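These numbers were taken from a predicted model, which means no experiment stands behind them. Atoms within each ligand, like the ligands themselves, are counted from 1 in listed order.
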Amino acid sequence: MPKNQSSVLVIYTGGTLGMVYDKRKSGLVPFNFSQILAKVPELEHLSCELTVTSLPELIDSSNMKPAIWIQIAEKIVENYANYDGFVILHGTDTMAYTASAISFLLQGLTKPVIFTGAQLPVGAIRNDARRNLVTSIEIASAKDNQLAIVPEVSIFFNDVLLRGNRARKVESSQFDAFQSFNYPPLAKVGIHVKYDLQNILSPPPIFRPTLPLQLNENIGILKLYPGISQKMMESILDTENLKGIVLETYGAGNAPTSQWFLDTLTKALEKNIIVYNVSQCLGGKVQQGRYATGTKLKEMGLIGASDMTTEAAITKMMYLLAQNLPENELKKQLSLSLCGEMSE
Ligand code: ASP
């Protein structure tokens, strides 16, 4: 490899980008990466050294689970010293969850970890796979003065680079599958890649992940809707071993004030279940003191998740609950931004 040439590790996990139609299974299924490379000959001309590795089992990301997030994070940690950047090829369906989980597991990155995928497979005549892949590799290898330009977990899709733990999948038919409602893009791509440096995290001097990499899966999501019943709420909050719940509330973090509702939540809090208040709104943030309906929740001990996405909130809880922190410290960390996932 010529001196100064960057090296990028591509980790293939599955997803539409590399899928083909399988008659027997009546749908798209992932295929092997060497077939993908053959379909993108322009990769040969990038001025960076590419290495490709796959997960043991290629999946449609609807089958994603925390154990695979750990496998992805471990692969990055094991190979960290040998590459300048990492590109993860992933299905779009749960990409925002995976990118959020990896951002918490691998806090303090000094190198880029870029997730990408596609709405149409690389083998389709008209597709978004080729440009998403090529540009992600270009961004993963981009350096200024020997330092990575985007040293954080991000999602590159349809010519926009977003912070991974701020992005959401919002579109299943058009190419602009991801948006970040509460944080501006890290870069936009036209003829040139235009980085917005003030939006990109500053790296620490060295990357030191908290080992062992682990997540606690004893959490859940409870979405409020007009008409939610006590039975429905109890069935979720009575789940065995439940340690935390992301409560998707209305607007600025508001919830009903009926006595049965407050009593059901109080019962959960008394069992030391952490309740993290996330808004159902795509933009704006939870402010538990703004309306009387939200003030009550604050008094009860719910933790406001500010402008976080549900994807970030649930994976942040999984990460923090696995650290076995004292309760005060756990609550404090939930209210702080660990890696740019929320505005404080
Ligand atoms: N179902 C696919 C997946 O998430 C969709 C995609 O890749 O866009 O794996």
ask   = Which is closest to atom 3 (C) of ligand 1 by heavy-atom distance: D60, L58, N63?
value = D60
request  = For G15, counting its heavy atoms only, list the atoms of ligand 1 lying under 4.0 Å from any of them.
outcome  =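 Answer, ordered by atom number: 7 (O), 9 (O).
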ask   = Which of the atoms in ligand 1, numbered in the order shown and given with their element, are less than 4.0 Å from a heavy-atom of T16?
value = 2 (C), 5 (C), 6 (C), 7 (O), 8 (O)
request  = Check for a donor-acceptor pair, side chain of T13 on one end and backbone N or O of L89 on the other, with a separation under 3.5 Å.
outcome  = yes
query = Sub-3.5 Å donor-acceptor pair from the side chain of S154 to the main-chain atoms of V150, do we have one?
reply = no
Can you tell me the protein heavy atom closest to [atom] and the distance?
atom	value
atom 1 (N) of ligand 1	D93 OD2, 2.7 Å
atom 9 (O) of ligand 1	S61 N, 2.7 Å
atom 8 (O) of ligand 1	T92 OG1, 2.4 Å

inquiry  = Please give me the minimum heavy-atom distance between L215 and T315, naming the atom from each residue.
reply    = CD2-O, 4.5 Å
query = Heavy-atom contact under 4.0 Å between A118 and ligand 1?
reply =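 Distance cut 4.0 Å: A118 passes for ligand 1.
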Using distance only, find each side-chain donor-acceptor pair of residues 221-232 under 3.5 Å and give its atom names and separation, not counting sequence neighbours.
{"unit_1": "S229", "atom_1": "OG", "unit_2": "M232", "atom_2": "N", "d": "3.1"}
{"unit_1": "Q230", "atom_1": "NE2", "unit_2": "E234", "atom_2": "OE2", "d": "3.1"}

key: Test of proximity, T94 against ligand 1: N or O pairs below 3.5 Å   =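 No, since none of the N or O atoms of T94 sits under 3.5 Å from an N or O of ligand 1.
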Please tabulate, for the side chains in residues 192-208, all donor-acceptor contacts under 3.5 angstrom to protein atoms that are two or more places apart in sequence or on a different chain.
{"unit_1": "D196", "atom_1": "OD2", "unit_2": "N199", "atom_2": "ND2", "d": "3.4"}
{"unit_1": "N199", "atom_1": "ND2", "unit_2": "P185", "atom_2": "O", "d": "3.0"}

ask   = Using 30° and 60° as the class limits, which term best fits the ring planes of Y319 and F104: parallel, tilted or perpendicular?
value = parallel
